[in-house]
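First comes the structure, then the notes that go with it.
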Amino acid sequence: MSADDDGIPVPRSIANKAEFEPNAKPTVVLHPGKKRKRAPQQQITDAKHENTVGEDKTSLETRQLDSKKLRRPHGQSSLKATSNVAPTTPKPVKGLNAKREALFRFRKDLPIWPSADGIRQLLRSKNIMILVGETGSGKSTQVPQFLLHEAWCTGAIAITQPRRVAAISLARRVAEEMGSPLGSSSPASKVGYSVRFDNSVSANTRIKYLTEGMLLQEMLRDPSLSSYSTVIVDEVHERSVNVDLILGFLRNLLANGSSKRKGKPLKVVVMSATADVEALVNFFNAGFTKAEKSNPHAAPKSIAQDDDADTTAQELHADEVATCHIQGRLFPVKVVYLPAPTQDFVEAALKIIFQIHYKEPLPGDILVFLTGQDTVESLERLVNEYGDTLGPEVPKILALPLFAALPQAAQQKVFQPAPFKTRKVILSTNIAETSVTVPGVRYVIDSGKMKMKQFRSRLGLDSLLVKPVSKSSAIQRKGRAGREAAGICFRLYTEKDYQSLEQNSIPEILRCDLSDALLGMKARGVSNVLEFPFLNPPSREALEKALLQLLQLSALGDDGSISDVGLQMAKLPLNPALGRVIVEAAKVENDCLADVIDIVACLNVESIFINLMTEEKKEEAEEARRELFRRDGDHLTLLAAVRGYAAEQSDRKAWARKYFVSHRAMQNVMDIRKQLFQQCKQLKLLPESASLEVPATTYSEARNAAIIKSLLRGFATNTARLTPDGSYKTLIGNQTVAIHPSSVLFGRRVEAILFTEFVFTSKSYGRNVSAVRLGWIDEALANDHL
DNA sequence: CGCGTTCGG
């Protein structure tokens with residue numbers, strides 16, 4: 001489950017209703033779900049919130065803004081108010097303007113507000129707090145403000161977020177609430193943020209919102225986090241790899257980092273939207289020495305607001321760790337299950353969409369959770385087909401697809417209010433579960449399925465398969481119907497199926513290639529990664545496979561300690577294989593780093609080539625792109641595209657259109673390219689004089705070979721040779737691998753291939769493929785410890 | 001034998 005945008009107001013244009021009464025019951029209703037006891041209170045009566053409405057921390061609107069717009073400074077009125085009010089003062093100080101007063105009333109009305117003193121009290125005696133705050137509790141915006149004026153809080157407060165948009169919009173919101181300018185806009189600013197490509201802080205920043213990845217970067221330079229008094233780790237329930245690494249590093253730091261921090265205390269607040277606090281409490285308690293544990297005065301401390309059954313927090317015997325539970329604020333959502341399982345959730349969804357449409361009054365949009373682009377598009381066609389047959393007496397229906405690969409303009413449509421007498425139906429992947437909040441939704445239809453990636457270390461490939469969701473995902477999806485008013489969630493599975501779902505999704509750290517995580521640990525001084533405190537320890541096999549991979553990339557020495565090359569790799573914002581390619585390209589005998597940087601930048605963004613829907617468009621695109629395509633494969637094709645784009649000085653947008661290349665993706669490539677250039681200079685892989693303006697070089701066979709050989713150094717195991725039956729088989733492991741249809745080599749037969757991605761979907765595919773000589777592979781493999 | 005759930009440095 002996930003709490004998003006808590007503490008950020010939602011539109012109040014729709015009247016609150018404590019109970020929801022559908023006009024007629026849909027025929028599929030079998031088991032109406034349990035209703036929540038309390039209806040949310042009215043939060044704000046007459047405040048204007050043009051500025052805050054839609055400032056949802058996860059809205060796409062924010063995401064679309066470029067970094068310059070995101071950094072716009074605040075108005076003078078907020079500046080004036082800065083000095084005369086403490087953020088935690090119970091009453092607003094006289095003379096505040098109406099907007100600030102409204103902001104303050106809003107804060108006071110958040111579910112977390114009454115717990116402010118309790119939280120402060122607990123953190124005076126304890127160094128760790130697990131805070132469960134459900135959606136809408138206000139934890140992400142309020143907790144740092146509660147702690148800011150504590151005596152122990154002499155340094156800054158870091159608060160991590162899994163997503164960049166969230167970090168930025170939360171920082172903006174809190175700056176507004178505190179009457180402080182934001183980030184680097186003024187030296188007086190107390191609130192800032194830090195995300196990749198956009199670091200906005202001042203010398204006086206006290207509260208800093210940052211992505212998990214940025215905090216890990218900071219820990220590379222300063223492992224004891226000496227500038228911070230508190231680290232707040234938000235959205236821990238999402239269990240990203242980075243959050244698990246942060247928790248492990250923080251536990252080590254709390255247990256034995258006191259000397260490194262020169263005795264300055266570090267307080268850690270771990271915030272989660274789901275109530276499985278026990279594992280977290282045990283995790284942190286286990287980090288302490290016996291002496292500390294045997295403190296006879298250490299009694300379990302907890303504050304819980306909850307008046308119903310939720311007493312988990314109080315029952316825990318925490319001696320180092322305080323716990324706190326804050327209820328959320330959501331409208332009641334009724335749950336409706338299917339009476340019998342279905343094989344075809346697209347068909348089932350279609351029926352329910354039109355049942356809702358006929359029986360439920362407007363307004364009230366429908367959000368459907370599906371598995372991927374394919375199911376989204378097929379349901380879209382069906383809805384449009386049926387929608388066209390609706391009589392004039394029935395409101396219209398507007399199907400809107402939503403998935404990450406959808407062009408930005410099409411994604412924006414889900415935020416526009418439905419036209420008059422029209423109901424929106426948003427057909428979405430799990431992007432709408434956490435990353436995007438769609439307004440106006442009162443009905444959710446949950447297929448109960450999602451696509452999930454799982455790395456299989458034995459095969460060295462990622463599989464991307466449709467899996468049942470977890471209960472907490474199902475609950476999160478349901479909650480999307482109750483953000484603005486009471487709603488209904490239709491689950492396209494039976495109640496029995498629901499009961500048999502796993503409570504939580506498998507944490508990412510158990511599903512991914514660990515080489516990146518392990519390299520990061522080695523670079524931060526963890527000598528024995530098998531002993532690292534993982535909240536969920538990965539299998540020994542997965543850990544050993546990753547260590548072997550690092551050894552083979554010579555990121556580690558034979559004794560397992562990090563090598564100079566490994567340190568360079570760890571400092572690059574790339575996975576170890578790509579990092580190794582960079583280091584290899586810088587060698588004098590290859591001397592192709594500028595070229596390889598451009599290729600690697602492309603491999604780090606979603607495809608730069610736009611995916612066309614119709615046959616006609618596809619052919620047109622193929623014709624237009626012919627100029628860029630290279631027979632040697634995708635990597636040199638990507639290089640040609642970057643060079644073409646970079647060389648275009650007048651109208652890059654037009655250039656992108658001409659070649660059916662995504663302009664947004666290319667802008668991203670240019671940012672990454674610039675960053676890699678800078679970092680390679682710092683690592684002395686490039687001379688200071690190296691310029692991003694690469695002169696047009698004539699590409700020789702030798703140069704292409706150097707590029708491909710550099711790639712081979714990172715991806716020697718991702719290689720395959722052509723077999724007599726026309727299929728490709730990997731050199732290591734003899735697995736069948738097909739060239740992905742998006743590749744320029746699709747359908748071609750060459751003696752051997754190299755691929756920088758290896759994914760199983762409907763079968764094993766190599767994506768981003770280049771032709772190589774068998775002899776080169778032998779050479780590369782001979783260099784390795786294989 | 002024609003294809004990419006979603007984040008992040």
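Predicted model, so just to flag it, every value in this text is computed and none were measured. Numbers restart at 1 for each chain; the letters A, B, ... are given by sequence-line order, proteins then strands.
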Checklist entry - What's the closest nucleotide to the A:H740 side chain, out of B:dT5, B:dG4, B:dC7? => result B:dG4

Checklist entry - Which of the following nucleotides, B:dG2, B:dG9, B:dT5, is nearest to the side chain of A:N604? => result B:dG9

Checklist entry - How close or far is atom P of B:dC7 from atom CG of A:D513, stated in whole angstroms? => result 21 Å

Next on the checklist: Would you say A:T434 places a side-chain N or O within less than 4.0 Å of OP1 or OP2 belonging to B:dC7?
Outcome noted: no

Item to check | Side-chain H-bond candidate by donor/acceptor type, A:E218 with A:Y228, under 3.5 Å | outcome: yes

Checklist entry - Looking across every strand, which nucleic acid part, if any, lies under 4.0 Å from A:S240 by heavy atom: base, sugar-phosphate, or nothing? => result nothing

Next on the checklist: Side-chain N or O of A:Y765 versus OP1/OP2 of B:dC3: is the shortest distance under 4.0 Å?
Outcome noted: yes

Checklist outcome for this item: To the nearest angstrom, the CZ-P distance between A:F746 and B:dG4 comes to 12 Å

Item to check | Ring geometry between A:Y493 and A:Y498 (parallel below 30°, tilted from 30 to 60°, perpendicular above 60°) | outcome: parallel

Checklist outcome for this item: Here the distance between atom P of B:dC7 and atom CD of A:Q411, to the nearest Å, is 8 Å

Checklist entry - Looking across every strand, which nucleic acid part, if any, lies under 4.0 Å from A:T211 by heavy atom: base, sugar-phosphate, or nothing? => result sugar-phosphate

Checklist entry - What does A:Q217 touch in the nucleic acid at a heavy-atom separation under 4.0 angstrom: a base, only the sugar-phosphate, or nothing? => result sugar-phosphate

Checklist entry - Within the structure shown, what part of the strands sits under 4.0 Å from A:V759 by heavy-atom distance: base, sugar-phosphate, or nothing? => result nothing

Item to check | A:F369 CZ to B:dT6 P, straight-line distance once rounded to whole Å | outcome: 12 Å

Next on the checklist: Just by distance, no angles: are the side chains of A:S727 and A:D725 close enough, under 3.5 Å, to form a donor-acceptor pair?
Outcome noted: yes

Checklist entry - What nucleic acid atoms does A:N242 come within less than 4.0 Å of, heavy atoms only: base, sugar-phosphate, or nothing? => result nothing

Checklist entry - Rounded to whole angstrom units, what separation is found between the CG atom of A:L612 and the C1' atom of B:dG4? => result 15 Å

Next on the checklist: Of the listed nucleotides (B:dG9, B:dG4, B:dT5), which one gets closest to any side-chain atom of A:M214?
Outcome noted: B:dG9

Item to check | base_contact_polar (B:dG4 base, A:R767 side chain, donor-acceptor, <3.5 Å) | outcome: yes

Checklist entry - Roughly, in whole Å, what's the span from CD in A:E615 to C1' in B:dG2? => result 9 Å

Checklist entry - Counting any heavy atom closer than 4.0 Å, what does A:L574 reach on the DNA or RNA strands: base, sugar-phosphate only, or nothing? => result base

Checklist entry - Between A:N536 and A:R239, does any side-chain donor sit less than 3.5 Å from a side-chain acceptor? => result yes

Next on the checklist: Please evaluate residues A:R631 and A:R748 with respect to the criterion side chain to side chain contact (heavy atoms under 4.5 Å, CB included), reporting the C-alpha separation (whole Å), side-chain torsions for both, the decisive distance (0.1 Å), and the verdict.
Outcome noted: CA-CA 10 Å; A:R631 288 187 60 79; A:R748 296 235 339 256; 3.5 Å; yes

Checklist entry - Across the strands shown, which category fits A:K618 at heavy-atom distances under 4.0 angstrom: base, sugar-phosphate, nothing? => result base

Checklist entry - A:D516 near the nucleic acid: base, sugar-phosphate alone, or nothing, with a heavy-atom cut-off under 4.0 Å? => result base

Next on the checklist: Mind checking if A:M452 touches a base, just sugar-phosphate, or nothing, with heavy atoms under 4.0 Å?
Outcome noted: nothing

Checklist entry - What nucleotide, of B:dG8, B:dG9, B:dT5, holds the atom closest to the side chain of A:R196? => result B:dG9

Item to check | Separation of B:dG8 P from A:D671 CG (nearest whole Å) | outcome: 14 Å

Checklist entry - 5'-most contact on DNA chain B: A:M569 or A:M450, nearest heavy atom basis? => result A:M450

Checklist entry - What is the nucleic acid contact for A:N611, judged by heavy atoms within less than 4.0 Å: base, sugar-phosphate only, or nothing? => result base

Item to check | Step-by-step side chain to side chain contact (heavy atoms under 4.5 Å, CB included) determination, A:V469 to A:L501 | outcome: CA-CA 7 Å; A:V469 298; A:L501 295 176; 4.3 Å; yes

Checklist outcome for this item: When rounded to whole Å, the CD to C1' distance for the pair A:Q161 and B:dG9 reads 16 Å

